[in-house]
Chemist: 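This is the structure I have questions about; it appears just below.
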Amino acid sequence: MATRRQFVRRVASAGAGVAAGVAVPGGWLEGAPAVHARQVRPVAISSANGLRAVARAMEVLEGGGEPVEAVVSGVNIVELDPEDTSVGYGGLPNYEGVVQLDASVMNGPTRGAGAVAALEGIKTPSRVALAVMRYTDHVLLVGEGAQRFAVSMGFKVEDLLTEKARERWLEWRAGLNPDDDYLEPKESGDRVERFPVSGAAEPGMLDSYDGERPWGTINCNAIDRDGNLAGVTTTSGLAFKLPGRVGDSPLVGAGLYVDNDVGACGSTGRGEAVINVCGSHTVVELMRAGMSPQDAALEGLRRILRWTVEKRLLDEQGRPAFNVNFYALNKRGETGGAALWPGSRFAVSVDGEARLEDAAYLFER
Ligand code: GLY
């Protein structure tokens, strides 16, 4: 019987055969890529909260770092920022006031993936996801097991709930039920400003659409000059979620997908909607079929539309009462972002400049 190491070596050499052009059954899904590129301009793309992330990712790429290290280094800045309440340290907690984090990474050249879900106490879940990819034979670790693995790899367990996030949770809890025993901290209208109906996870960052419970997240994808791709998505998930709820971010194919022959895509917004259509995988497959990143992202959103039939998820005009964003990058280094609703932006860094661009959208308000 083959040992695990022998098995891994055999699988790896089978992969080398594929790369060398050995005939592969399975048609276009496994066949030749739709996009061919030799040397490309390095580019990084992220959600709007990732302006610093894309700049950092480009620094790593320019210093000769690999794309997966570049994107993880980029999002680490946001994960460690206590002011960003959508990701990592300072993220909004779950129903019980506990911060639970989800993250995934994909490395194009090695076809590797790693992810963690419902991870507590570690400020940089994207780094733990990277460690799962690099140092285990698995793809996804969850909950207590993910934390124990992180500790074994030298990560420190810390309290991730900042005062700012705790206050928001207390306000939310007090507003849940007028008949329970929690009193409103203050009778003012500013709760609506904090969680605007337009759905900003942070002022100016239109990311969700349900008024009081943002799905802030950061996705970052990059390509180096050899055309190698990587991506990462990391989040504290839906604010005040049920304990144990896992969104799209740590699920390969949902909140993130990278195919080194074609492109990369990640998502922010209502994770349940993205999971239902394997959103990021769908967008990458549409790029493989020849669509531009923006058109593929819009088509991925149309897929979500067709899957959104339950009345509770629709507004009075029958349109989704939430938002989803896709951020796509193809093998040529072209980028595109799209959302269900207007107002979303995304960050791009190319040729030494990091900037925000307006996302395409499906609906007018
Ligand atoms: N897209 C983030 C989440 O739903 O958790």
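Indexing begins at 1, ligand by ligand and atom by atom, following the structure's order. Bear in mind that the values here come from a model prediction, so they are computed numbers and not experimental data.
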Chemist: Do you see a donor-acceptor pair shorter than 3.5 Å between the side chains of R270 and N323?
Modeler: no
Chemist: Numbering the atoms of ligand 1 from 1, which are under 4.0 Å from a heavy atom of G237?
Modeler: 5 (O)
Chemist: Between Y361 and W341, is the ring centre distance below 6.0 Å?
Modeler: no
Chemist: Should you measure from each heavy atom of D248, which atoms of ligand 1 turn up under 4.0 Å away?
Modeler: 1 (N), 2 (C), 3 (C), 4 (O)
Chemist: Between R148 and E144, is there a side-chain N and carboxylate O pair less than 4.0 Å apart?
Modeler: yes
Chemist: Mark up the atoms of ligand 1 that fall under 4.0 Å of a heavy atom belonging to S249, in ascending order.
Modeler: 2 (C)
Chemist: Tell me which protein heavy atom sits closest to atom 5 (O) of ligand 1, plus the residue, atom name and distance to 0.1 Å.
Modeler: R245 NH1, 2.7 Å
Chemist: Mind checking whether S267 contacts ligand 1 via backbone (N, CA, C, O), side chain (CB onward), both or neither, at a 4.0 Å heavy-atom cut-off?
Modeler: neither
Chemist: Are side-chain N/O atoms of T110 and N107 paired as donor and acceptor at under 3.5 Å?
Modeler: yes
Chemist: Could E59 and R56 be called an ion pair, given the rule that one side-chain N must be under 4.0 Å from one carboxylate O?
Modeler: yes
Chemist: Using the rule salt bridge (charged side-chain N to carboxylate O under 4.0 Å, His left out), only one of D224, D351, D226 pairs with R41; which is it?
Modeler: D351
Chemist: What atoms of ligand 1 come closer than 4.0 angstrom to any heavy atom of T217?
Modeler: 1 (N), 2 (C)
Chemist: Does the separation of the ring centres of Y95 and W172 fall below 6.0 angstrom?
Modeler: yes
Chemist: Which ligand 1 atoms does G269 reach within 4.0 Å, using its non-hydrogen atoms?
Modeler: 1 (N), 2 (C), 3 (C), 4 (O)
Chemist: Show me which atoms of ligand 1 lie under 4.0 Å from any heavy atom of G247.
Modeler: 5 (O)
Chemist: Find all atoms of ligand 1 within a distance of less than 4.0 Å from any non-hydrogen atom belonging to L238, and give their numbers and elements.
Modeler: 5 (O)
